[in-house]
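Report on the structure given below.
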Amino acid sequence: MKTTTVVLFSLGCLSLTIASADQVVLKNGDRVTGSIIKKDGKNLTIKTDQFGVVTTSWDQVVSIQIDKPVNVAVPDGRTLQGTIATTNGKVEVTTKDAKLSLEPAEVATIRNDDEQKAYERLQKPGWGDLWTGSGNVGFAGTAGNARTLTFTTAINAARITNTDKLSVYFNTIKASAFVSGQNADTAQAVRGGLGYDHDLTPRLFLNTFNDYEYDKFQNLDLRFVVGAGLGFHAVKTERSRLDLLGGVDFNHSSFSTPLIRDSAEVYFGDDYNYKLSAVTSFYQAFRMFEDLSNTGTYRMNFDIGASTKISKWLTWNLALSDRYLNHPATGRKTNDFLYTTGLGVTFAK
């Protein structure tokens, strides 16, 4: 009798758990139980206990049952809050005041409360809102037969909305060595800039940027570049984003040799971001600049890096940056490579 009671109690708890969960039945007969996160575009996202976050095509859904009120965008532009059930092939949205029956194709979006708040925050953000980024400062040194000291910084920040993106970056390295009574700088460079992208269509966007660079050991006092062009969102998902872009720019480069170059350039390249896991992200950027004023002269920028979140605000960062100039100042090498790694802080507003 006691065993029977325990079994019945367990089955009752299991039934209550299933009943309180959202349920989705697919055309192939699979049944997915969990919590609906959102339906945007052609995909439905569900958080399950066994398999984590699962995404399936909306057109593969035969029936859906959501007992906790969610936010549903309907054809007339309204967003209703209510429960959802499928009856005779129709999606029924039940609010406090009414019941609305829709064809599956008429359901524009479904969002839980967290997703709805995030969506609304993106609609009319202030310039001080939506910033995310990270900063890294590194020190290294030796003492004994040789004394060395290296200082590096890497800062990246971006503000991304539904229609545009503003980004800022800043990298420095300063290194010196004291050997046999002689002190000398071994590396000294500063790189920084900002960019602004604005969507013209869901795929096509306007790309603008302004870069600055100083490199003592390339005899570069200042490189000032401002440019504009068009970009294309080749891949744009929650985990990955690949942008292809190209355009024209003006390059002012002042060297201490002395040499000054003012030239028009054509540029092309890509930006790629990929979320490897919930805590680790990867990025890569490449630019090729062809000099239109000095035939045969070109330069390339290549950046790659990764960031792993250790805690809510602490991260481990790795950044690699290469600058190639096929016609450098006299006596200087074509490549300058800068890398930084260490602990940093991350922020979001």
Residues that [X] engages under side chain to side chain contact (heavy atoms under 4.5 Å, CB included), provided they are two or more places apart:
X	result
N162	Y119, L122, Q123
N112	I37, D114, E115
V279	S277, T308, K309
K216	D185, Q188, Y214

Output yes when a side-chain donor or acceptor of [X] lies under 3.5 Å from a complementary backbone atom of [Y], and no otherwise.
X	Y	answer
K39	A108	yes
T95	A98	yes
R203	H233	yes
N273	L242	no
S240	Y274	no
R159	D129	yes
Y267	G229	yes
R191	E213	no
T346	G133	yes

Exactly one of D211, D303, D271, D270 should register a side-chain hydrogen bond (donor to acceptor under 3.5 Å, both in side chains) with R287. Which one does?
D271

Any link between [X] and [Y] through a network of hydrophobic side chains (Ile, Leu, Val, Met, Phe, Trp, Tyr) touching at under 4.5 Å?
X	Y	result
F337	F286	yes
W316	Y339	yes
Y272	V235	yes
Y324	I173	no

Does [X] have any side-chain hydrogen bond (donor to acceptor under 3.5 Å, both in side chains) partners at least two apart in sequence or in another chain, and if so, which?
X	value
N251	S253, E265
R121	none
T132	none
Q60	none

From [X] atom [atom1] to [Y] atom [atom2], the distance as rounded to the nearest 0.5 Å:
X	Y	atom1	atom2	answer
K68	Q81	NZ	CD	10.0 Å
L318	T340	CG	OG1	7.0 Å
F268	L244	CZ	CG	11.5 Å
R223	R261	CZ	CZ	8.5 Å
L320	D322	CG	CG	9.5 Å
T257	Q218	OG1	CD	11.0 Å

Let me see the working for N294 and S263 under side-chain hydrogen bond (donor to acceptor under 3.5 Å, both in side chains), right down to the final yes or no.
CA-CA 7 Å; N294 302 284; S263 56; 4.5 Å; no

Side chain to side chain contact (heavy atoms under 4.5 Å, CB included), that's the test. Do T297 and N326 meet it? Break it down for me.
CA-CA 6 Å; T297 299; N326 76 321; 3.8 Å; yes

Run L200 and F205 through side chain to side chain contact (heavy atoms under 4.5 Å, CB included) and show every step you take.
CA-CA 5 Å; L200 303 175; F205 64 93; 5.5 Å; no

Can you confirm whether more than 12 heavy atoms, excluding those of K236, are under 6.0 Å from its NZ atom?
yes

Side-chain hydrophobic cluster, 4.5 Å single linkage: members besides [X]:
X	value
F51	V54
L292	V248, V266
V107	V24, L26, V32, I36, L44, I46, W58, V61, I64, I66, V70, V72, V74, L80, I84, V91, V93, L100, L102, I110

Just by distance, with hydrogens left out, do S307 and S281 show a side-chain donor and acceptor under 3.5 Å apart?
no

Suppose we call two aromatic rings close when their centres sit under 6.0 Å apart. Are F209 and Y196 close by that rule?
no

Please evaluate residues R111 and D40 with respect to the criterion salt bridge (charged side-chain N to carboxylate O under 4.0 Å, His left out), reporting the C-alpha separation (whole Å), side-chain torsions for both, the decisive distance (0.1 Å), and the verdict.
CA-CA 8 Å; R111 300 187 183 96; D40 269 337; 3.6 Å; yes

Step by step, would you call F302 with I304 a side chain to side chain contact (heavy atoms under 4.5 Å, CB included)?
CA-CA 7 Å; F302 181 76; I304 190 171; 4.1 Å; yes

Summary of salt bridge (Lys or Arg N to Asp or Glu O under 4.0 Å) pairs that have at least one residue in residues 332-341, sequence neighbours excluded:
none

Side chain to side chain contact (heavy atoms under 4.5 Å, CB included) assessment of I260 paired with D262:
CA-CA 7 Å; I260 295 178; D262 290 324; 4.2 Å; yes

